[in-house]
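Per chain, numbering begins at 1; letters A, B, ... match sequence-line order.
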There are 2 protein chains.
Amino acid sequence: MTTAKMATVTTRGISILLVDDHPVVRQGYRRVLEHQDDFRVVAEADNAANAYRAFKSHAPDVVVMDISMPGASGLEAIRNIRARDADARVLVFSMHSEAAQVKAAFGAGASGFVTKGSEPAELIAAIRSVARGEHAMSDDVARVLALESLVPTKSALDQLGEREIEILRQFAAGSTKEQIAANLNLSTKTVQNYHYLIKAKTGMRTDAQLVRLAVECGLANL
Amino acid sequence: MTTAKMATVTTRGISILLVDDHPVVRQGYRRVLEHQDDFRVVAEADNAANAYRAFKSHAPDVVVMDISMPGASGLEAIRNIRARDADARVLVFSMHSEAAQVKAAFGAGASGFVTKGSEPAELIAAIRSVARGEHAMSDDVARVLALESLVPTKSALDQLGEREIEILRQFAAGSTKEQIAANLNLSTKTVQNYHYLIKAKTGMRTDAQLVRLAVECGLANL
DNA sequence: TGCAGGTCGGGAAATTTGCCCGACCAAACT
DNA sequence: AGTTTGGTCGGGCAAATTTCCCGACCTGCA
């Protein structure tokens with residue numbers, strides 16, 4: 001119960017949990033990481049559920065995670081891990097660098113974001129950064145985010161279309177799917193599909209999270 | 001002299017432990033409180049566990065605590081503190097003034113309840129009151145409680161039991177039913193049943209309405 | 001002209017909900 | 001002591017919903 005998590009980093013190096021659904025990729029990067037003598041890969045996982053289990057049993061200093069995995073989203077795994085331990089460091093290691101995905105990752109509680117196209121040195125440096133409690137991202141990710149912040153963009157909601165926004169608004173306001181369908185002259189099925197789509201796009205897993213997001217973005221007033 | 005504990009107060013002023021998860025808020029009120037020359041902020045804490053630790057090592061005359069903190073409930077911290085020292089004075093300093101929350105705080109052993117919307121003078125006066133062993137609450141809290149005692153079941157939440165409240169809190173915070181079940185060592189089925197029961201009791205139809213209710217009642221902070 | 005993407009809904013398996021039930025336990029009442 | 005009440009916990013099962021796939025339409029845009 002009272003797990004005093006202190007700085008074991010300095011005494012035993014940085015313990016790492018590797019999460020990626022592709023074993024070869026895991027192996028390859030495991031070797032790269034273990035070449036650093038202050039890194040220890042203490043566990044691996046090939047999906048979100050196993051990642052959470054491994055985190056519980058190993059309590060690694062840093063979780064290096066690919067978020068594009070089959071089944072449950074990697075974002076979910078991040079949220080689960082962070083829900084269990086608010087001090088957990090998760091470094092996302094992704095194939096892509098879309099602003100929306102980066103933002104979703106940080107929104108889920110990630111401490112860093114490095115693309116697989118980056119140099120190993122960049123990943124290694126990022127791991128050291130997040131282990132120290134800092135935030136880190138590779139140069140290409142930073143560039144995308146910087147560009148994206150200059151242009152319009154207000155929130156995680158601008159990845160949603162007009163219709164999706166409206167449905168989210170009514171949903172967060174407390175309307176039933178049937179009511180929304182009636183209001184917008186849609187079939188209930190379509191509203192259900194939108195609901196699913198919105199959750200997928202925003203990376204929210206729970207209706208409650210969706211409502212909070214809507215409120216935070218000023219879509220719904222409390 | 002027969003007043004052993006009183007003596008320390010008069011000779012060294014009132015020692016205070018500040019508990020709030022928001023550092024800026026802590027800083028701000030620390031400055032306000034230390035402007036009173038008979039006040040001494042001897043420690044700060046940003047969560048329930050640290051609050052208890054700090055109380056043990058500093059034994060302050062008054063604990064000023066925000067109970068809407070992440071992780072373990074502030075109520076639990078109050079109970080822990082009071083269990084260790086039945087003479088402990090805890091002044092709850094909350095964002096909200098729901099009758100249910102106020103009652104829960106006093107039920108847990110709080111000596112006072114002041115909302116963050118109150119004037120600094122009101123907080124200062126309340127601290128002096130509870131330091132003298134009296135009970136104190138800000139005017140708006142008193143009004144809510146008075147109203148609530150005249151009209152039965154004002155808040156929709158006091159028809160809920162301890163367990164139901166906790167489940168609603170976690171649900172509104174965005175947790176999955178599985179996560180809640182894991183946190184509370186229950187079966188998923190039981191959590192589902194509670195979810196249904198809570199909606200039935202509160203008359204909410206939608207999960208979104210439930211979240212809004214929880215936030216409005218100060219159960220969940222956005 | 002073609003293609004990307006928002007909108008709209010069907011289909012089907014997997015999961016959850018809605019509502020019922022019984023069991024246990026502690027406190028309060030008779 | 002016996003009983004009623006009420007909170008907690010979970011099983012069961014039909015009905016509803018979610019999840020994720022798919023195709024179709026329309027519009028803007030290269």
To the nearest Å, how far apart are [X] [atom1] and [N] [atom2]?
X        : N      : atom1 : atom2 : result
B:Lys201 : D:dG6  : NZ    : C1'   : 9 Å
A:Ile198 : C:dC8  : CD1   : P     : 12 Å
A:Lys199 : C:dT16 : NZ    : P     : 11 Å
A:Phe171 : D:dT18 : CZ    : P     : 8 Å
A:Gln192 : C:dT16 : CD    : C1'   : 13 Å
A:Leu197 : D:dC20 : CG    : C1'   : 11 Å
B:Leu186 : D:dG10 : CG    : P     : 5 Å
A:Met204 : D:dT19 : CE    : P     : 14 Å

Problem set entry | Ion pair check, A:Arg40 and A:Asp61, cut-off under 4.0 Å |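 No, no charged N to carboxylate O under 4.0 Å.
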For this session: Tell me, yes or no, whether the heavy-atom count around B:Glu134 atom CD, taken from other residues, nucleotides or ligands under 6.0 Å, exceeds 12.
Result: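 Counting neighbours around CD of B:Glu134, more than 12 heavy atoms of other residues, nucleotides or ligands fall under 6.0 Å, so yes.
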Exercise. Where the side chain of B:Glu44 meets the backbone of B:Leu18, is there a donor-acceptor pair that is under 3.5 Å apart?
Worked result: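 No.
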Exercise. Would you find a donor on one side and an acceptor on the other, under 3.5 Å apart, between the side chain of A:Arg82 and the backbone of A:Ala88?
Worked result: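 Confirmed, A:Arg82 side chain pairs with A:Ala88 backbone.
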For this session: By nearest nucleotide on DNA chain C, pick out whichever of A:Val191 and B:His195 is the more 5' one.
Result: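 Its nearest nucleotide lies further toward 5', so the answer is A:Val191.
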Exercise. If you check every side-chain atom of B:Asn193, which of C:dG9, D:dT8, C:dC20 has the closest atom?
Worked result: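 Of the candidates, C:dC20 comes closest.
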For this session: Tell me which nucleotide among D:dG10, C:dG6, D:dT19 gets nearest to the side chain of B:Thr190.
Result: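 The closest nucleotide is D:dG10.
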For this session: Give A:Glu166 one of three labels, base, sugar-phosphate or nothing, depending on what nucleic acid heavy atoms sit under 4.0 Å from its own.
Result: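 Result for A:Glu166 = nothing.
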For this session: Could you check B:Glu162 against A:Thr188 and say which one's nearest nucleotide on DNA chain D is further toward the 5' end?
Result: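 That would be B:Glu162.
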Problem set entry | Quiz item: B:Lys189 side-chain donor-acceptor pair to C:dG18 base, under 3.5 Å |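 Pair found.
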Problem set entry | Short side-chain N/O contact from A:Tyr196 to OP1 or OP2 of D:dT19, under 4.0 Å |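 Checking D:dT19 against A:Tyr196, no side-chain N or O comes under 4.0 Å of OP1 or OP2.
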Problem set entry | Below 4.0 Å: OP1/OP2 of D:dT18 and any side-chain N or O of A:Lys177 |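 So the side chain of A:Lys177 is within the cut-off, an N or O lying under 4.0 Å from OP1 or OP2 of D:dT18.
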Exercise. Does some side-chain heavy atom of B:Asp207 sit less than 4.5 Å from a side-chain heavy atom of B:Lys199?
Worked result: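 Yes, side chains in contact.
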